[in-house]
Amino acid sequence: YYKKIMSHVDRELYHKKLRDWMAKLLEAVNADKKAASKEVQELMQKYTEIVSMIHPFSKTRWLKMGVDISENRDIYLSWGKVHPKLPEFLAEAIKIYGERLPD
């Protein structure tokens, strides 16, 4: 699956963007930023750009991603390994950003 979705992507660029985004997201979590803050919501915009590199972006897919982080134990735990506060923080930030997207 990974090879298939990444076959048309500049992997080096994708991973660089993802690492940079994650570093900034973790800075926001560690600084106790609110998920609704301008800074965090700008990070969600950046994340949509990164996600769009590998598959089409839509409001429905975006919101499902946030729900999956909250409700899928494996996904929750994988984000939690990065930072214990990250799953809830990211799910909330995704939801807030997604609610503002056009249908």
Side-chain angles (χ1 to χ4, degrees):
Y1 173 77
Y2 179 78
K3 284 182 180 181
K4 181 182 176 191
I5 64 170
M6 295 299 285
S7 64
H8 67 284
V9 175
D10 178 336
R11 291 179 187 185
E12 189 174 315
L13 178 62
Y14 171 78
H15 288 293
K16 180 190 180 326
K17 286 184 177 214
L18 193 59
R19 279 190 309 272
D20 292 347
W21 173 81
M22 180 61 74
K24 290 176 184 172
L25 185 65
L26 290 173
E27 286 174 15
V29 170
N30 286 327
D32 289 324
K33 298 281 184 180
K34 300 291 183 196
S37 71
K38 180 180 178 187
E39 178 183 348
V40 172
Q41 290 304 297
E42 287 173 355
L43 287 171
M44 294 303 99
Q45 169 60 40
K46 294 273 188 218
Y47 196 39
T48 64
E49 295 166 12
I50 296 166
V51 168
S52 294
M53 291 177 72
I54 57 172
H55 53 70
F57 174 81
S58 70
K59 178 177 183 171
T60 300
R61 180 173 279 203
W62 178 261
L63 290 170
K64 183 179 180 329
M65 189 170 52
V67 170
D68 287 347
I69 292 169
S70 296
E71 296 180 1
N72 182 304
R73 185 175 188 275
D74 292 334
I75 296 171
Y76 183 95
L77 291 174
S78 70
W79 283 107
K81 287 177 184 176
V82 177
H83 190 290
K85 293 181 182 179
L86 192 54
E88 291 91 359
F89 182 83
L90 184 55
E92 182 181 358
I94 286 172
K95 181 180 180 203
I96 292 165
Y97 185 82
E99 289 172 346
R100 297 179 186 155
L101 294 171
D103 290 322

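- I69 and P87 make their closest contact through CG2-O, 3.3 Å (heavy atoms, listed as atom of the first residue, atom of the second, distance).
- Separating the CE atom in M53 from the NE2 atom in H55 is a distance of 12.0 Å, to the nearest 0.5 Å.
- Smallest separation of non-hydrogen atoms from S70 and A91: OG-CB, 3.2 Å.
- One distance of note links CD of E92 with CE of M44; it measures 11.0 Å at 0.5 Å rounding.
- Residue-environment remark: CD (E12) stays at or below the threshold of 12 foreign heavy atoms within 6.0 Å.
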**Q.** From CA spacing to verdict: side chain to side chain contact (heavy atoms under 4.5 Å, CB included), Y14, D10
**A.** CA-CA 6 Å; Y14 171 78; D10 178 336; over 6 Å; no
Q. Between M22 and R19, does a side chain to side chain contact (heavy atoms under 4.5 Å, CB included) hold up when you go through it step by step?
A. CA-CA 5 Å; M22 180 61 74; R19 279 190 309 272; 5.8 Å; no
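- Once rounded to the nearest 0.5 Å, the distance linking CD1 of I50 with NE2 of H15 reads 11.5 Å.
- A salt bridge links D32 and K85; the closest N-O separation between the charged side-chain nitrogens and carboxylate oxygens is under 4.0 Å.
- Counting only N and O atoms by type, the side chains of Q45 and Q41 include no donor and acceptor under 3.5 Å apart.
- Here the closest heavy-atom approach between residue V40 and residue A93 is recorded as CG1-CB, 3.7 Å.
- The distance from the CG atom of L43 to the OG1 atom of T48 is 11.0 Å, given to the nearest 0.5 Å.
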Q. Checking side chain to side chain contact (heavy atoms under 4.5 Å, CB included) for the pair K64/T60: CA distance, chi angles, key distance, verdict?
A. CA-CA 6 Å; K64 183 179 180 329; T60 300; 5.6 Å; no
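- Within the structure, ring pair (Phe, Tyr, Trp, His ring centres under 6.0 Å) pairs that include any residue of residues 57-85 comprise Y47-W62, F57-W62, W62-Y97 (at least two apart or interchain).
- In the hydrophobic cluster analysis, where Ile, Leu, Val, Met, Phe, Trp and Tyr join through side-chain heavy atoms closer than 4.5 angstrom, L18 is grouped together with M6.
- Taking CG from N72 and OG from S78, the interatomic distance works out to 8.0 Å, rounded to the nearest 0.5 Å.
- Cluster annotation: L13 is connected to W21 through the hydrophobic network of ILVMFWY side chains, with a link wherever side-chain heavy atoms come within less than 4.5 Å.
- Cluster annotation: I94 and I75 are assigned to the same hydrophobic cluster (Ile/Leu/Val/Met/Phe/Trp/Tyr, side-chain heavy-atom contacts under 4.5 Å, transitive).
- L86 is listed as a side-chain neighbour of L26, based on a closest heavy-atom distance under 4.5 Å.
- Without hydrogens or angle criteria, K59 side chain to L101 main chain gives a donor-acceptor distance under 3.5 Å.
- E42 contributes atom CD, which lies 10.0 Å from atom NZ of K24 (distance to the nearest 0.5 angstrom).
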